[in-house]
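These numbers come from the heavy atoms of this one structure, side chains and all, not from hydrogens, waters or symmetry mates. Each ligand, and each atom within it, is numbered from 1 in the order the structure gives.
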Amino acid sequence: MTTMESPTDVASAAASGASATERFRADKSPFDAVKDTPKERVDLLAREVLSAVHDTIRRHRVSYDEYNALKAWLINVGADGEWPLFLDVWVEHVVEDVATDHREGNKGTIEGPYYVPDSPECGARGTIPMRDGEQGTPLVWEGVITSTDGTPLQGKVELWHADADGFYSQFAPNLPEWNLRGTFSTGPDGTFEITTIRPAPYQIPTDGSCGKLIAAAGWHAWRPAHLHVKVSAPGHELLTAQLYFPGDPHNDDDIAGAVKSELILDPQSQADGSERVAYSFVLDPVKA
Ligand code: MBD
Ligand code: FE
């Protein structure tokens with residue numbers, strides 16, 4: 001896996017954006033899906049989206065200056081490699097809702113731009129790859145993967161998250177390749193126990209085009225602290241989710257609109273300063 005090098009070794013929107021764009025393009029399947037989309041469907045969706053844009057222009061009498069500002073901004077989103085960030089922050093949560101609203105098992109939420117497949121195997125009980133002296137409150141998380149009928153499932157929890165400074169390995173400089181990324185494979189009893197650290201709240205890059213939009217609109221750039229997971233088991237729908245921490249000020253106004261109350265953990269402080277938490281997953285069987 002190639003990691004984008006920032007010449008200054010300082011985290012930048014352009015560097016993390018380029019890495020996210022490169023990672024997305026490395027997976028061929030979205031590009032194959034485009035080829036398979038029927039003409040009628042493209043016609044319908046493209047026409048409706050354009051018509052919504054036209055309505056907005058008429059309703060608010062958008063000027064040529066505003067049109068050109070939009071054109072310049074869109075060009076820069078591409079140049080910064082920030083299309084994955086833009087779409088995952090402001091659009092993906094609705095796609096996710098529609099895709100999973102039939103489920104009886106766990107609620108999921110968006111994947112975001114920073115997933116990397118094939119993270120190191122850590123066993124059913126293990127510690128995620130981290131640096132010596134990794135900053136952040138130690139967190140021990142136990143749970144079990146079951147099917148909707150309660151049967152334990154032999155499956156996997158892929159976990160990835162930011163460090164205590166809010167940086168993701170492979171998308172920010174100077175981090176070991178797999179820092180805070182690991183795959184926990186359960187036995188037939190479905191149980192796992194993961195040792196990691198509590199991540200920091202995350203501010204999306206402010207120095208790129210998404211940051212410009214946020215500043216120009218007077219929004220904030222924060223996501224609450226979160227753990228990303230993909231939970232899978234044979235014959236079951238893949239669950240993509242994020243877990244959040246109680247009391248985070250951004251649980252109620254996540255810039256990415258991805259928090260659901262079912263995804264907020266209840267960690268308990270321990271005498272040694274660490275935290276323990278129980279959170280389990282229920283997966284929906286794939287319907288034949
Ligand atoms: C993230 O870490 C994230 O999870 C999302 C959805 C968008 C930007 C950064
Ligand atoms: Fe994230």
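- Below 4.0 Å from some heavy atom of I110 lie the following atoms of ligand 1, by number and element: 6 (C).
- When only non-hydrogen protein atoms are considered, atom 3 (C) of ligand 1 lies nearest to R223 NH1, 3.5 Å.
- With ligand atoms numbered from 1 in the order given, ligand 1 contributes 8 (C) to contacts under 4.0 Å with heavy atoms of L85.
- Considering backbone and side-chain atoms alike, H226 places an N or O below 3.5 Å from some N or O of ligand 1.
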>> Run the ring pair (Phe, Tyr, Trp, His ring centres under 6.0 Å) test on F192 and W141 for me, step by step, so that the C-alpha distance in whole Å, both residues' side-chain angles and the decisive distance to 0.1 Å come before the verdict.
In response: CA-CA 8 Å; F192 59 87; W141 163 23; 5.4 Å; yes
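- Among Y115, W160, Y114, the single residue meeting the ring-ring contact (aromatic ring centres under 6.0 Å, His included) criterion with H228 is W160.
- Results of the ring-ring contact (aromatic ring centres under 6.0 Å, His included) test with Y202 over W222, F167, Y168 single out Y168 as the only residue that passes.
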> Could you go step by step and tell me if S185 and E121 meet the side chain to side chain donor-acceptor pair (under 3.5 Å) rule?
Replying inline: CA-CA 7 Å; S185 298; E121 176 58 53; 2.6 Å; yes
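- The proximity of E92 to ligand 1, defined as any non-hydrogen pair under 4.0 Å, does not occur for either the backbone or the side chain.
- The protein heavy atom nearest to atom 2 (O) of ligand 1 is Y168 OH, 2.8 Å.
- Taking 2.8 Å as the criterion, H228 counts as a coordinating residue of the Fe ion (ligand 2), since one of its N, O or S atoms falls below it.
- Interface of G112 with ligand 1, defined as ligand atoms under 4.0 Å from a residue heavy atom, comprises 6 (C).
- Judged by the 6.0 Å distance and 45° axis criteria, K156 is not positioned over the aromatic ring of F184.
- Vertex the Fe ion (ligand 2); arms to Y168 atom OH and H226 atom NE2; angle 90° (nearest 10°).
- Annotation: side chain of E92 is in contact with side chain of E111 (closest heavy-atom distance under 4.5 Å).
- The atoms of ligand 1 that sit less than 4.0 Å from any heavy atom of H228 are 2 (O), 4 (O).
- A salt bridge links E96 and K260; the closest N-O separation between the charged side-chain nitrogens and carboxylate oxygens is under 4.0 Å.
- Selection from A221, A258, P113, P84 by nearest heavy atom to atom 5 (C) of ligand 1 gives P113.
- No side-chain donor from either of R23 and Q170 sits under 3.5 Å from a side-chain acceptor of the other.
- Closest to atom 1 (C) of ligand 1, if we only count protein heavy atoms, is Y202 CE2, 3.9 Å.
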